[in-house]
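Structure, as structure tokens:
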Protein chains: 2
Amino acid sequence: MPPPFPVEAFPARTPAASQIFTTVLSHGPLTRADVARRAGLSAAAVTKAVRPLIEAGYLVEDAVEDAGTETRPALGRPANLVRVDAGRALFIGVKITGDEIFGVLTDLCCRIRVARNFPLTARAPGAVLASVAELAGELLTEADGFGVPVLGCGIAVSGEVDRAEGAVRYSPFLDWRDVPLAELAAMTTGLPVTVDNDVRALTVAEQWFGAGAGLSDFAVVTVGAGIGCGLVVHGRVVSGVHGVAGEIGHVVVDPAGPPCHCGRRGCLQAFAGDAEIVARVREATGTPVTDSAGALALAHAGHPGAREVYARAGEAIGRGIATVANLLGPERVIISGEGLAAYDLFAGQIRDAFTAAAFGSAARCELLTRPLSFDEWARGAAATAIGSFVRADR
Amino acid sequence: MPPPFPVEAFPARTPAASQIFTTVLSHGPLTRADVARRAGLSAAAVTKAVRPLIEAGYLVEDAVEDAGTETRPALGRPANLVRVDAGRALFIGVKITGDEIFGVLTDLCCRIRVARNFPLTARAPGAVLASVAELAGELLTEADGFGVPVLGCGIAVSGEVDRAEGAVRYSPFLDWRDVPLAELAAMTTGLPVTVDNDVRALTVAEQWFGAGAGLSDFAVVTVGAGIGCGLVVHGRVVSGVHGVAGEIGHVVVDPAGPPCHCGRRGCLQAFAGDAEIVARVREATGTPVTDSAGALALAHAGHPGAREVYARAGEAIGRGIATVANLLGPERVIISGEGLAAYDLFAGQIRDAFTAAAFGSAARCELLTRPLSFDEWARGAAATAIGSFVRADR
DNA sequence: TCTCTTATTTTCCTCTGTCAATGAAAGAAG
DNA sequence: CTTCTTTCATTGACAGAGGAAAATAAGAGA
């Protein structure tokens with residue numbers, strides 16, 4: 001969405017410059033020669049593209065200090081490392097849930113500097129927007145202390161989101177339909193705003209700054225209140241033609257399984273969603289647990305019924321991941337989300353079910369876990385803002 | 001794979017030229033202005049790129065004859081249509097199955113001109129290669145009659161195929177592992193050879209010449225001996241990092257379902273594979289049917305048990321398609337394959353199951369059926385060869 | 001100091017695709 | 001019948017992106 005007033009622009013007009021910057025951003029300090037190799041460009045092109053980025057302060061050249069002698073080859077001229085100046089700019093990321101909003105202030109390398117969260121009392125777009133504006137305002141005040149500009153704001157919402165248009169098409173949790181959130185938020189915050197689906201935002205963060213860096217094909221599976229999945233295919237996040245993609249939560253794992261709130265039976269969600277696990281533990285143990293912590297405690301205490309519930313959840317998750325792997329053949333699947341608190345309880349089942357259901361070479365896909373605090377969702381939103389900033393016009 | 005001797009090269013060095021040619025190839029005769037709009041280029045670029053292609057005979061300019069007055073706007077200079085000269089070159093496509101090989105000779109627009117098939121008696125690479133050489137030889141002889149050169153050969157094999165390397169990594173039906181088929185076949189046929197997975201080849205054919213033309217995201221689901229799926233995401237066919245993708249056949253639809261030859265239970269394949277349907281019809285009706293035709297006849301005769309088998313197959317297919325739609329959000333799913341002979345028996349179930357299991361806007365994905373003769377598999381292989389020829393070095 | 005090796009920069013140079021101007025070929029208006 | 005208007009197509013000048021090769025830089029070792 002166009003910002004309401006002129007904002008500093010990223011000085012990378014050519015595709016090569018964007019590519020070079022993102023290479024440095026994702027792969028830490030690199031020599032120019034390395035950048036050239038990774039990006040498939042000539043050394044000359046790198047030199048030319050890097051100069052304006054250094055002049056603008058987005059990149060810095062480290063002195064030849066051999067920070068890690070072991071990596072430097074003995075021969076030849078010592079290389080100069082180029083890296084992103086993380087402190088050059090700040091970004092705001094906001095994750096909106098049905099009853100709370102989380103905000104973070106990050107640097108250019110998407111490291112969290114400040115985190116804030118508010119309860120959300122009303123869900124009407126206007127009310128939420130006011131909360132977002134207040135949160136952003138607080139973060140902007142914090143940002144003043146850093147003496148560098150805030151260059152963008154990302155907002156993550158679950159549901160169907162049209163990132164290009166900056167509109168929330170449908171959000172069940174907020175009960176929104178076709179809300180032009182980017183435009184509205186840009187108006188109230190005075191920043192360029194990027195709106196994206198929450199799981200996709202997290203996927204972008206992994207792609208640029210996490211375990212997906214440098215991979216052309218990977219998936220992120222989030223386990224928590226819902227089961228989500230973000231996909232990167234051919235190096236690009238999959239959004240789906242209609243804004244829906246990665247809906248793994250309602251893939252039917254077992255038609256005879258427990259009923260799901262979506263009306264069907266045996267959805268992955270019904271096996272492994274937070275609330276569903278709690279309900280299932282309650283049934284299985286007869287103990288009136290009311291939240292994940294309670295269910296978790298019961299299972300950790302060794303209650304066989306509770307453990308069984310987690311085991312079945314793990315099995316369902318593993319099978320869901322295998323489905324993704326069979327369909328897309330990703331290089332890696334990153335398992336993440338708040339639900340990982342219970343990881344020890346279903347890690348084995350996830351792996352076993354995955355291995356059993358993965359077909360042929362799809363089984364060579366690597367499974368990786370990455371615990372996730374709730375702030376990281378907001379960080380994902382910030383990552384989308386950084387992405388928008390860096391490649392403003394394509 | 002590099003051809004063993006110099007072959008005519010496609011005169012399109014720049015990305016724009018390739019793009020322009022493929023636009024004309026996929027979208028029939030177009031005016032230059034239309035091409036420019038579709039390809040997002042300037043009219044000048046189109047004029048310049050088209051000239052050498054016309055000179056080389058790959059494109060022709062139709063006279064201003066208003067073949068379809070209704071489409072022509074009343075105002076302005078009449079446009080000249082540019083189209084591909086289908087007869088400018090020929091290509092060979094070969095599909096290898098476990099017991100037969102199918103070959104076609106197609107023109108540049110991938111229309112079948114000649115079709116041939118051989119039984120396959122031995123499956124060792126050497127023996128198969130000899131058959132392929134013989135088949136290609138016959139087709140080359142036929143090609144002589146057309147007076148235009150054969151510019152490439154595509155070979156489609158089921159299993160894991162590394163198209164870039166031209167190698168068959170693993171083919172269960174042929175019991176091959178790491179066979180450098182492209183290189184070998186190039187040697188024996190004297191043509192540039194492209195090797196790809198059979199379902200992906202079919203998907204390429206749809207993408208360039210069929211119902212997927214112009215779509216950036218779609219899927220092809222084939223129903224036949226096996227259940228396959230080819231995916232196009234972001235305008236590119238998905239191959240998977242390890243050469244496996246679209247393995248929908250062994251997605252578990254119902255853990256309590258019938259056993260599958262892969263060792264699990266309730267795979268989509270176990271519900272809807274040809275042989276599995278026949279077996280299930282036999283069980284359900286007690287009639288010793290031995291092939292699809294028999295099973296089909298029984299169902300068409302109204303035998304309730306047989307109909308039920310087809311209905312369950314349709315349900316499983318619909319659920320599999322919904323899984324694809326939920327994960328990738330394609331614009332269209334093309335249902336194809338020999339199994340469509342039974343389409344009337346499970347069309348309703350496919351649609352119902354799809355609608356029930358598709359999540360939110362994913363349900364807006366269009367389902368399209370396209371009956372498929374067996375020669376079309378070979379045509380798919382030819383399409384990959386045309387693709388390789390047209391964008392030889394990107 | 002000289003040589004060897006690799007990194008980086010500089011200096012052309014090619015080459016692609018755009019821009020703006022111009023020519024063409026209709027039908028419409030007068 | 002002439003002149004306008006509109007859209008298609010072509011041309012030539014041009015910007016500017018990225019490559020190749022040569023020049024320069026900076027250490028290690030002889």
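Per chain, numbering begins at 1; letters A, B, ... match sequence-line order.
In this structure, A:I20 atom CD1 and C:dT8 atom P are separated by 13 Å, rounded to whole Å. Across the protein-nucleic acid pair, B:D62 atom CG and D:dC8 atom P stand 17 Å apart, rounded to whole Å. Atom CD in A:E61 sits roughly 11 Å away from atom C1' in C:dA7 (whole-Å rounding). Atom pair A:N80:CG and D:dT24:P shows a separation of 19 Å (rounding to whole Å applied). Atom CZ of A:R51 is separated from atom C1' of D:dA17 by 15 Å (rounded to the nearest Å). One interatomic measurement links the two molecules: CZ of A:R32 to C1' of C:dT6, which rounds to 14 Å at whole-angstrom precision.
Taking 4.0 angstrom as the limit, B:T14 places a side-chain polar atom (N or O) nearer than this to OP1 or OP2 of C:dG17. At the phosphate of D:dA15, neither OP1 nor OP2 sits under 4.0 Å from any side-chain N or O atom of A:R13.
The residues B:E206 and B:R370 are annotated as salt-bridged, a charged nitrogen and a carboxylate oxygen being separated by less than 4.0 angstrom.
Contact of B:R77 with C:dA26 (side chain to base): no donor-acceptor pair of N or O atoms is detected under 3.5 Å.
Of all non-hydrogen atoms in B:R32 and B:V82, the two that sit nearest each other are NH1-CG2, 3.7 Å.
Side chain of A:E331 to backbone of A:C365: no donor-acceptor contact under 3.5 angstrom is found.
Proximity of B:L30 to B:H27: side-chain heavy atoms (C-beta onward) are separated by under 4.5 Å at one or more points. Contact check for B:V84 versus B:L59: side-chain heavy atoms found under the 4.5 Å cut-off.
Relative to the six-membered ring of B:Y58, B:R88 meets both conditions, a distance below 6.0 Å and an angle of at most 45° to the axis.
Listed by residue number, A:L41, A:S42, A:A44, A:A45, A:K48 are the residues of residues 41-50 of chain A with a heavy-atom contact under 4.0 Å to DNA chain D.
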